[in-house]
Amino acid sequence: MTARIDGFSKLSKVDKIDWIVSNFTHDPEGFKKLLKQYWNDDSELQRIHDEFAENTISNFYLPLGIAPNFLINNEIYAIPMAVEESSVVAAASNAAKYWLDRGGFKAEVLRTEKVGQVHFTYSGDTSWLEEAFLALKPKLIQDLKPIMRNMEARGGGLLELELRNKTSLLENYFQLHATFETKDAMGANFINSCLEHLAATWEEEIAAREYPDGAHPNTEIVMSILSNYVPDCLVRAEVSCPVNELDEDAMDATLFARKMIQAVTIAQVEPFRAVTHNKGIMNGVDAVVLATGNDFRAIEAGVHAYAAREGSYKGLTEAWIEEGQFTLRMDLPLALGTVGGLTRLHPLVRFSMEVLGQPSARELMILVAVAGLAQNFAALRSLVTTGIQQGHMKMHLLNILNQLGASTSEKEKVVAHFKTATVSFSAAQEVLEQIRQS
Ligand code: MEV
């Protein structure tokens, strides 16, 4: 065996496992058994998962939880969430229940525009290029028609095509900047296919065009790719109720509202806090994005870029009181799909979509944004009242007990003990020891 290999992807799954456990683990037999333990007994189902990606050797489970009682635009939803962090689903459920009696969540899609760019360099006269673009634009668009036929039939397609001069940022750098509507598809494949086609037509047409002094300036396509920055694919979610309805066990309603607003404002001005504030929002966002088979890396990248759109990184939520009414609001850029990708392939994604009532992409934007806002509300609510650890460590207790090898009856006893006490790793260890000794 050797740690360097050619043709790994061509090995059978079993051979891949043999190679990896023999070369990179101290317990080949144990890990081989472990990896196989996570295969699904149903070989057809396992095959579907194997084929999602390259070099699959096993499945990596995440818990799929349900956060019920979400009242959104006057309809009740139960939201599926795929997430490993113990307190996330509980926090979402708590926030949902809290707002259930206070008018629920309101959300609307503001815009659904997506972006793609052909990046190229050009070293000639700028006005010649601008004129060439204007002259060629109808042909560039016409040439895309065959690729766009199905999308156009669904009401989507290219919205606008511009030439952008970026030479103030980088010498000779220009773009064809295209905007698209992709309806229920996230649209990455559609947009990238359009862009690559556009780039080829552009390169060909520009080269064939006469240049005044004969010597044609060099035009070189660098790359063609969609942008995951989608500030014009935006959804707005909010919760709002009279301040005096924000009753808390631990705190007077007015003080609670004031502290919530302070917490939100701190995240607006302090990047160290803003990142954690937004991380909490993404706890909810990513969990629903994953459960519905969407690309959470694309969402993460786009959301954080949006949070920094004004030049410094800021919290994504705003909060205020107006005429005695407290409001927490968030605008979130979300390019999501409910057709294509994994959405119809992954059996659990099919389940999530079913539970959510087969949402359109616009509806899914609303559900995801609400999950993010709920998470933010729940986190801030804990932070400004009891502190985060009380709830978080209670939820984490089972992980600690599993790590300590507690049996089911031991777990029950320890959990009962911590109903009224503060959880920590050492405290849990101590209580478990006492139970074992008694
Ligand atoms: C933990 O996963 C998320 C929080 O840190 C978010 C926040 O601080 O707002 C609790």
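FYI, the numbering just counts along the sequence from 1. Predicted model only: the values in this text are computed from it and were never measured. One-based numbering, in listed order, for ligands and for the atoms of each.
- Atom 10 (C) of ligand 1 has as its closest protein heavy atom I388 CD1, 3.6 Å.
- Within ligand 1, the atoms closer than 4.0 Å to a non-hydrogen atom of L383 are 7 (C), 8 (O), 9 (O), numbered from 1 in the order shown.
- If you take CZ on F24 and CH2 on W19, they are separated by 4.5 Å, rounding to the nearest 0.5 Å.
- Taking a cutoff of 4.0 Å between a charged side-chain nitrogen and a carboxylate oxygen, R164 and E162 qualify as a salt bridge.
- Counted within 6.0 Å of CD on E171, heavy atoms from surrounding residues, nucleotides or ligands total 12 or fewer; the atom is thus considered open.
- Within ligand 1, the atoms closer than 4.0 Å to a non-hydrogen atom of H277 are 9 (O), numbered from 1 in the order shown.
- Only the side chain of R273 comes within contact range of ligand 1, with a heavy atom under 4.0 Å; no backbone atom does.
- Scanning all protein heavy atoms for the shortest distance to atom 3 (C) of ligand 1 gives N283 ND2, 3.5 Å.
- Between N376 and ligand 1, a contact under 3.5 Å exists for no N or O pair.
- When only interatomic distances are considered, the shortest N/O to N/O separation between E85 and ligand 1 falls below 3.5 Å.
- Contact atoms of ligand 1 toward K279: 1 (C), 2 (O) (distance under 4.0 Å to a heavy atom of the residue).
- Using a cut-off of 4.0 Å between Lys/Arg side-chain N and Asp/Glu carboxylate O, K32 and E29 are scored as salt-bridged.
- Side-chain contact check for H49 and T56: no donor-acceptor pair (N or O, by modelled atom type) lies under 3.5 Å.
- Taking 4.0 Å as the cut-off between side-chain N and carboxylate O, R297 and E300 do not count as a salt-bridged pair.
- The ligand atoms of ligand 1 that sit less than 4.0 angstrom from a heavy atom of T276 are 5 (O), 6 (C), 7 (C), 8 (O), 9 (O).
- Under 3.5 Å, the side chains of Q325 and S240 contain a donor-acceptor pair of N or O atoms.
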